[in-house]
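This report refers to the structure that appears directly beneath it.
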There are 2 protein chains.
Amino acid sequence: MSGSDRAVLARPQLSPRGRAIRDAALKLFAERGYEATTTTEIGAAVGIRGPSLYKHVSSKQDLLLAIMLDAMDVLHDVHALAVAGVDDVADRLRRAVEAHVRFHTRHRLEAFVGNREIRSLDEANRAVVVARRSSYERLIRALIEEGVAASRFHVASVKLASYALLDLGMGVAAWYREDGDLSEDEIVYTYGRFALTLVGAAG
Amino acid sequence: MSGSDRAVLARPQLSPRGRAIRDAALKLFAERGYEATTTTEIGAAVGIRGPSLYKHVSSKQDLLLAIMLDAMDVLHDVHALAVAGVDDVADRLRRAVEAHVRFHTRHRLEAFVGNREIRSLDEANRAVVVARRSSYERLIRALIEEGVAASRFHVASVKLASYALLDLGMGVAAWYREDGDLSEDEIVYTYGRFALTLVGAAG
DNA sequence: TATCAAGGCTACTGAGCATTAGCCTTCCAG
DNA sequence: CTGGAAGGCTAATGCTCAGTAGCCTTGATA
């Protein structure tokens, strides 16, 4: 887990203004999309003009990349934390899905942008983000495979089951609202149970 | 069902070139996104220059709107067809979900663009599309409510269950490939069964 | 054969955009 | 009190677009 510790502990420190800019950009990217968001708008959201952003940030593209990479780090971290030290494979899957869903409520903007704007990254950056996402997807699939191998899970297709679980999380990021009438815990626990029935977990 | 008949029978006839342009635009919108797609590219895809598009199409925005509206019509149609004449509520739900998922494989580009590019529609057009989508979502939710009322389904939250089912379809549109190793029927039937376990359908 | 519509094309318009240049103020360190 | 860095600003640069104007070819019709 030294990798995720690094991500947790050594996440680069941003100046307060830098943080504000990134937050504003995140909100705008989520709302209007990356291409449709102008540097003027991002600036306005933190009370400065567009060109002044460049005193804090190297480019709009880097802003997007940083947002996505940070989010992927957090996602890996919460997954690792959720399954660490848990032996039973069904428990591990349930906890992994709970962490997955909770991430998508707590960081819904990051998740939303991360899913929708990969296309807006240029080639090289996209490759990095896609690789990191695939590595996460493999973790979930490996859990299901393990349960199947142990005859604890029974699925028609491991791939299909893992897609389904991952997609449910992404869906949450699209519709969840903090002030909605579904509480975070309600969603998390319900989806955790969905996951187990979905893989046909015995007992 | 006269509404959906209208949609099926009276879908406006497009010239072959018009069709080709719409298809090309759909593919490009799905690949690069609406904002990132230029009229020059759409033109090139059908062998003409960007400005010549305007001999067939009134604007890029209208192209997007037409794609989305047509897709929503088809989705409503396949739903209506799937549940028509089926009495048992569990059967109706399963068939509705199967139709939902099949739509998202057969029309994955339309579904993909329809979900991701609503933001790119201007205010008025967006309102129309959103309304039509909500009406579809209500159909699914009503099915679940009906099963719950009849004590055939048992869910923690109707809303959550319907979100989950709808999101699974959207997920399919994101990863399904005709030449992938999961067949359309395999996905459709598996998700149909998912749906029933997910709503805790008895028998 | 003359006409005309359909459907191409190039050139142009007008707008918007990310980013850079270069200037000015503020404020802290020496 | 002075020098310089930090962080604003306006103006300008260079590019990319959607959409329009207006011209030309083709081919069917009358």
Side-chain angles (χ1 to χ4, degrees), chain A residues 12-68 113 116-126 129, chain B residues 12-68 113 116-126 129:
Chain A
Q13 209 57 13
L14 232 44
S15 70
R17 186 103 294 178
R19 256 258 73 82
I21 290 171
R22 187 182 290 192
D23 290 349
L26 172 59
K27 206 178 294 187
L28 287 164
F29 291 165
E31 233 164 59
R32 308 149 135 59
Y34 175 80
E35 312 262 10
T37 300
T38 69
T39 52
T40 305
E41 288 170 324
I42 301 173
V46 298
I48 63 179
R49 305 298 172 124
S52 303
L53 288 174
Y54 289 80
K55 289 282 156 75
H56 305 275
V57 147
S58 74
S59 72
K60 192 183 157 192
Q61 172 78 199
D62 268 8
L63 216 34
L64 178 61
L65 178 64
I67 287 170
M68 289 193 176
V113 168
R116 271 175 153 76
E117 301 293 350
I118 308 197
R119 292 185 300 204
S120 305
L121 290 172
D122 39 48
E123 200 60 48
N125 292 341
R126 179 163 55 242
V129 172
Chain B
Q13 208 57 13
L14 232 43
S15 70
R17 186 91 312 167
R19 255 260 73 81
I21 290 172
R22 187 183 290 191
D23 289 350
L26 171 60
K27 206 178 296 186
L28 286 164
F29 291 166
E31 233 165 60
R32 311 150 134 57
Y34 175 81
E35 311 263 9
T37 300
T38 70
T39 53
T40 305
E41 289 171 323
I42 301 173
V46 298
I48 63 179
R49 306 298 174 127
S52 303
L53 287 175
Y54 290 81
K55 289 283 157 74
H56 304 276
V57 147
S58 74
S59 73
K60 192 183 157 193
Q61 172 78 198
D62 268 8
L63 217 33
L64 178 63
L65 178 65
I67 287 170
M68 289 192 176
V113 168
R116 271 175 153 76
E117 300 292 352
I118 308 197
R119 291 185 300 203
S120 303
L121 290 173
D122 39 48
E123 199 59 50
N125 292 340
R126 179 163 54 243
V129 172

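Sequence lines set the chain letters: A, B, ... in the order given, protein chains first and strands last, and positions in each chain run from 1. Keep in mind the model is a prediction, meaning the values are calculated, not measured.
In this entry the distance linking CD1 of A/I21 with C1' of D/dA6 reads 13 Å, nearest Å. Regarding A/R49, its CZ atom lies at a distance of 16 Å from the P atom of C/dG16, rounded to whole Å. Distance, A/E41 CD to C/dG16 C1': 12 Å, rounded to whole Å. Atom CG in B/L28 sits about 11 Å away from atom P in D/dA18, given to the nearest Å. Between the CG atom of A/D122 and the P atom of C/dA18 there is a distance of 15 Å, given to the nearest Å. As rounded to whole Å, 14 Å separates atom P of D/dA18 from atom CG of B/D62. Straight-line distance from the CG atom of A/L53 to the P atom of D/dT10: 13 Å, rounded to whole Å. Straight-line distance from the CZ atom of A/R32 to the P atom of C/dG16: 15 Å, rounded to whole Å.
Using a 4.0 Å heavy-atom distance criterion, A/S52 is classed as a base contact. Backbone-only contact: A/T37 has heavy atoms under 4.0 Å from sugar-phosphate atoms and none from a base.
Between the CZ atom of B/R22 and the CZ atom of B/R17 there is a distance of 15.5 Å, given to the nearest 0.5 Å.
Relative to the side chain of B/Y54, the nucleotides D/dT20, C/dT19, C/dC17 differ in distance, and D/dT20 lies closest. Closest to the side chain of A/P51, from the set C/dC9, C/dA18, C/dA21, is C/dA21. Closest contact between the side chain of A/H56 and the listed nucleotides D/dG8, C/dT10, C/dT19 involves D/dG8.
Using a 4.0 Å cut-off between charged nitrogen and carboxylate oxygen, B/R32 and A/E117 do not count as a salt-bridge pair. Between A/R19 and A/D23 a salt bridge is recorded (basic side-chain N to carboxylate O distance below 4.0 Å).
Two residues are said to be in side-chain contact when any heavy atoms from C-beta on lie closer than 4.5 Å; B/R116 and B/Y34 fail this criterion.
Taking side-chain N and O atoms only, B/R17 has no distance below 4.0 Å to OP1 or OP2 of C/dG7. Regarding contacts with the backbone of D/dA18, a side-chain N or O of B/T39 is found under 4.0 angstrom from either OP1 or OP2. For C/dA6, neither phosphate oxygen OP1 nor OP2 lies less than 4.0 angstrom from any side-chain nitrogen or oxygen of B/K55.
For the pair A/S52 (side chain) and A/I48 (backbone), a donor-acceptor distance under 3.5 Å is absent.
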